[in-house]
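Bear in mind the structure is a predicted one, so any value in this text is a computation, not a measurement.
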2 protein chains.
Amino acid sequence: MTDASAANEKRKRLPSEERREEFVQKAIEFFAEEGFDSSTRELAKRLGVTQPLLYRYFDSKDDLIAEVYKAVYVRRWRSEWDEMLADRTVPLRDRLVRFYHAYAMVVFQRDWMRIFLFAGLKGGAINRRYIDRVRDRILEPIIREYRHENGLFAGQVTDDETELAWSVHGGIYYYGVRTEIYGQIPIKDLNFVIETSIDSLLSGLDRFHEGTRRP
Amino acid sequence: MTDASAANEKRKRLPSEERREEFVQKAIEFFAEEGFDSSTRELAKRLGVTQPLLYRYFDSKDDLIAEVYKAVYVRRWRSEWDEMLADRTVPLRDRLVRFYHAYAMVVFQRDWMRIFLFAGLKGGAINRRYIDRVRDRILEPIIREYRHENGLFAGQVTDDETELAWSVHGGIYYYGVRTEIYGQIPIKDLNFVIETSIDSLLSGLDRFHEGTRRP
DNA sequence: GGGGCAAATTATCAATCGATAACTAAACAT
DNA sequence: ATGTTTAGTTATCGATTGATAATTTGCCCC
């Protein structure tokens with residue numbers, strides 16, 4: 001009974017593309033749990049294959065990690081999110097609540113969050129790029145929609161507005177960190193956090209624009 | 001020219017207690033930057049001593065890491081914080097702004113934050129204990145002070161209030177993560193984030209207690 | 001049914017890890 | 001000065017790491 005037969009009693013031979021994808025998916029789970037410093041041997045064991053086989057599909061460990069990043073950050077980003085935020089047939093508050101539920105469905109996953117933290121501590125550019133994306137595709141669109149719904153001028157988003165949106169976004173995100181990373185038993189459910197946070201954002205923006213609003 | 005003479009040209013002999021403390025302080029910097037999986041050899045090199053010397057002061061690597069935790073989480077906690085929050089000669093809003101400035105001075109440090117994240121990902125109990133401490137010593141006292149200042153009944157803090165406080169606290173904390181961990185250039189300064197966050201908290205609490213307030 | 005290609009394994013290397021034992025040398029007391 | 005103590009070093013062990021080369025085994029097609 002060798003190492004490789006531990007997981008799959010009968011050794012299967014899979015086509016290249018399919019196998020590679022299987023490796024990436026398991027690598028996400030594995031690295032999310034054990035960190036990127038964990039060994040390729042341990043990963044291979046969980047895959048039920050031998051360690052050198054990984055090097056037929058990936059040039060190096062770093063190459064495999066890069067694939068993990070792509071699978072998590074690029075492929076899990078949903079293009080529908082932009083449309084949800086832009087759909088003016090729905091009142092803004094409802095739109096924001098629904099968006100954050102959809103966003104949390106993807107981001108508030110143990111593997112997503114842990115990979116994000118591990119990557120951030122490794123110091124690559126991935127997290128910085130992701131943060132820029134959040135600002136450009138989520139926070140600034142939200143502010144533009146707020147201005148439109150309240151009949152305000154449609155100029156450049158101000159630093160005040162962006163920073164407020166970051167604070168509120170961070171508050172929601174931190175709920176995910178507390179529950180998924182630190183294993184805190186949720187005090188109130190996600191819906192409560194999202195609704196109160198959105199209310200904070202909207203009334204905060206109201207405060208910024210007091211006096212500038214049409215009657 | 002040996003390894004050990006790289007940092008201190010002349011090998012000095014320090015008393016035991018002093019030496020140990022020096023090792024712990026350098027270990028904080030080192031592990032904060034490189035992670036707990038980094039080698040004791042590399043740490044020793046930065047200390048300008050040989051690696052086995054570490055084992056005269058600490059039983060094992062884990063023992064050294066435990067000392068790092070203690071130095072960061074226990075010893076940097078300031079007992080004055082409780083008094084700042086409880087000082088009713090100062091209006092609550094000012095009190096909270098001042099407290100969060102003092103708190104951020106300690107927590108928004110690259111080493112503090114990185115050690116906290118590394119520790120959280122390792123999964124020990126330290127972070128959970130710290131989170132409990134934040135709730136018991138910061139968030140719930142804030143809510144009790146809010147109730148007092150607004151003449152509300154002084155009963156048990158509700159889940160709604162606690163969760164709102166977590167959201168706002170998380171928003172402020174995330175500002176530190178963005179600037180210290182992800183290297184984001186601050187859009188607005190810390191004071192702006194604290195003031196708007198405190199305003200969000202207070203008006204959020206106001207919304208929870210609408211109608212219950214004395215005239 | 002056997003030839004050929006690719007999937008997968010066995011074997012192994014050089015580097016690095018945490019930790020221990022044995023040795024050296026600096027500081028202090030007498 | 002000399003002996004005792006202990007901070008500090010040298011040397012080394014066994015385990016583990018990422019990666020490569022050589023070998024075996026399953027599968028498809030003619």
If only side-chain N and O atoms of B/S39 are considered, is one of them under 4.0 Å from the OP1 or OP2 phosphate oxygen of C/dC17?
yes

Between A/R41 and B/R41, name the one whose nearest nucleotide on DNA chain D is closer to the 5' end.
B/R41

Can you tell me how far C1' of D/dT9 sits from OH of B/Y55, to the nearest Å?
16 Å

Rounded to the Å, how far apart are B/L43 CG and C/dT16 P?
17 Å

Could you tell me if A/R135 sits above the aromatic ring of A/W166, with its cationic atom closer than 6.0 Å to the ring centre and no more than 45 degrees from the axis?
no

Round to a whole Å and report the spacing from CG of A/L47 to C1' of C/dT9.
15 Å

Ignoring backbone atoms, establish whether A/T40 has a side-chain N or O less than 4.0 Å from OP1 or OP2 of D/dG18.
yes

To the nearest 0.5 Å, how far apart are CD1 in A/I194 and CG in A/D199?
12.0 Å

Please tell me which of the listed nucleotides, C/dT9, C/dA8, D/dG18, lies nearest to the side chain of A/T50?
C/dT9

Could you tell me whether the phosphate oxygens of D/dA7, OP1 or OP2, come under 4.0 Å of any side-chain nitrogen or oxygen in B/Y57?
no

From the candidates D/dT9, C/dG18, C/dT9, the one with an atom nearest any side-chain atom of B/Q51 is C/dG18

Starting at CG of A/L54 and ending at P of D/dT17, how long is that distance when rounded to a whole Å?
13 Å

Less than 4.0 angstrom between a side-chain N/O of B/R19 and OP1 or OP2 of D/dG8, yes or no?
yes

Look at the side chain of B/L53 and decide which nucleotide, out of D/dT9, C/dA11, C/dA8, has an atom nearest to it.
D/dT9

Decide whether a cation-pi geometry holds between B/K188 and B/F192; the criteria are a distance under 6.0 Å from NZ or CZ to the six-membered ring centre and an angle within 45° of the ring axis.
yes

Return the value, rounded to whole Å, for the distance between atom CD of B/E42 and atom P of C/dA19.
17 Å

Does B/D111 form a salt bridge (charged side-chain N to carboxylate O under 4.0 Å, His left out) with B/R76? I'd like the steps, not just the answer.
CA-CA 12 Å; B/D111 62 352; B/R76 291 193 192 176; 3.0 Å; yes

Does B/E21 pair with B/R75 as a salt bridge, N-O distance under 4.0 Å?
yes

Taking CG from A/D63 and P from D/dA19, how many angstroms apart are they, rounded to a whole number?
10 Å

Between C1' on D/dT17 and CG on A/D62, what's the gap in Å once rounded to a whole number?
14 Å

Could you check how far CZ of B/R56 sits from C1' of C/dC23, rounded to whole Å?
12 Å

